[in-house]
**Q** 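Structure in structure tokens, see below.
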Number of protein chains: 2
Amino acid sequence: MSARLPPERRQELAARLRSARLRVTTPRLIILDALLRVGGHRSVEDVLRHLQREGIRLPRATVYNVIRSLVSSGLVMVADVGPGRMLVESAERWHHHFVCRECGSVIDVPCAVGAKPCLEPDLPGAEVEEAQIIWRGVCPRCVAARAEGGLDARDQETLSRPTGGSI
Amino acid sequence: MSARLPPERRQELAARLRSARLRVTTPRLIILDALLRVGGHRSVEDVLRHLQREGIRLPRATVYNVIRSLVSSGLVMVADVGPGRMLVESAERWHHHFVCRECGSVIDVPCAVGAKPCLEPDLPGAEVEEAQIIWRGVCPRCVAARAEGGLDARDQETLSRPTGGSI
DNA sequence: CCGTTCTCTTGACACTGTCCAAGAAGAGCT
DNA sequence: AGCTCTTCTTGGACAGTGTCAAGAGAACGG
């Protein structure tokens, strides 16, 4: 498969994997690299397409496997922002999401606390690992578009790509 | 189809629909009734099975349609607690969810503030309609089971039925 | 009662995520 | 290095979920 990663990058990623007690494998390096390079959130299919564009073909099952292991070791996070919309992203900075019900875009919102369990549930005896907040409403762009005299907000059609990188 | 609803119940539900500016139709009455009778959250398939057990057969697409209209009018709420796990429940009391990563159960957590948007995102210009919090971690039962000397927490196998009613 | 508008129904479909079994590859040990 | 154990990857198939489209039917307002 020959992951096209510079040696030092490869070393850095491998170190991350090892420190998370994960074996260093090529698919893991590739996917971790892709998720770290892109700041924002991506669907799994986005990741697949991205890799394909770079000439790397990984089975979907592998991508899901890798993501699962990365998630369970805390290197990346997933957010469910709607049915069939599992978003994957680097967990370097904990954050939350705003989902626009008009254009469907998902916007990252920084976590006020910054650390992982930023809220405590009223649930005695539970071990809380993380708290994710999903806001729903109308995003600033759609609000503005509406204010500008009924412009159709759906012009944007950037569904879930507003933080877009190249992935 | 003959919804088996007592007249006064039917009246009450119809009034609710009307006050939400929704047409009063049999599927809507049936589904709203089911969701209100059960306190907790249900997957769409749960709702379908429940209705089937009562001898009512509704197409899945209809259930999804009805739920969508009920949600958009604020009568019920949905929560995405994981991939392919859309939960539907009455929106009478706004609340949040705790998902156990061991047994998979979903536990309702009351909203700290009580009003709907209990948190404000740092996103100027956006219109926030609701905020949903999902906690992930280990639920009290699994914590207890673990403490009791390595009992396999998976005994419970009550996946998403801990608040269980009969639906 | 009539027409308009919305909703339901039906079936098929697409998308997402998972499972399985065989083989390959990483990690630790000698 | 070589061996062995363990884990991971692969590929295909599969299942669960949610959506779409078109026609038939029902509800609302006059």
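Every chain is numbered from 1 and lettered A, B, ... according to where its sequence line falls, protein lines coming before strand lines. In this text the structure is predicted, and so the values were computed from the model without any measurement.
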**Q** What's the CZ-C1' distance between B:Arg68 and D:dG18, to the nearest Å?
**A**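 After rounding, the reported distance stands at 9 Å.
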**Q** Between atom CD1 in B:Ile56 and atom C1' in C:dC8, what is the gap in whole Å?
**A**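 Value for this atom pair: 15 Å.
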**Q** Assess the side chains of A:Glu45 and A:His50: does a donor N or O sit below 3.5 Å from an acceptor N or O?
**A**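 There is no such pair between these side chains.
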**Q** Distance only, no hydrogens: is a donor on one side chain within 3.5 Å (strictly under) of an acceptor on the other, for B:Glu89 and B:His97?
**A**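 B:His97 and B:Glu89 do have a side-chain donor-acceptor pair below 3.5 Å.
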**Q** Which listed nucleotide (C:dT18, C:dT7, C:dT9) is nearest to the side chain of B:Pro59?
**A**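 The answer is C:dT9.
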**Q** To the nearest angstrom, how far is A:Asn65 atom CG from C:dA25 atom P?
**A**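 These atoms are roughly 17 Å apart.
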**Q** Rounding to an integer number of Å, can you tell me how far A:Arg49 CZ sits from C:dC15 C1'?
**A**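 After rounding, the gap between these two atoms is 11 Å.
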**Q** Using the side-chain heavy atoms of A:Val24, tell me which of these nucleotides is nearest: C:dA27, C:dG11, D:dT10.
**A**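 Looking only at heavy atoms from C-beta outward on A:Val24, the closest nucleotide is C:dA27.
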**Q** Reckon A:Pro83 touches a base, only the sugar-phosphate, or nothing at all at heavy-atom distances under 4.0 Å?
**A**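 Contact class for A:Pro83: sugar-phosphate only.
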**Q** NA contact type, A:Arg18, heavy-atom cut-off 4.0 Å: base, sugar-phosphate, or nothing?
**A**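 Since only primed, P, OP1 and OP2 atoms lie under 4.0 Å of A:Arg18, the category is sugar-phosphate.
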**Q** Students often get this wrong, so: under 4.0 angstrom with heavy atoms, is B:Thr62 touching a base, only sugar-phosphate, or nothing?
**A**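 Since a base atom lies under 4.0 Å of B:Thr62, the category is base.
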**Q** Reckon B:Arg60 touches a base, only the sugar-phosphate, or nothing at all at heavy-atom distances under 4.0 Å?
**A**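 The residue B:Arg60 makes base contact.
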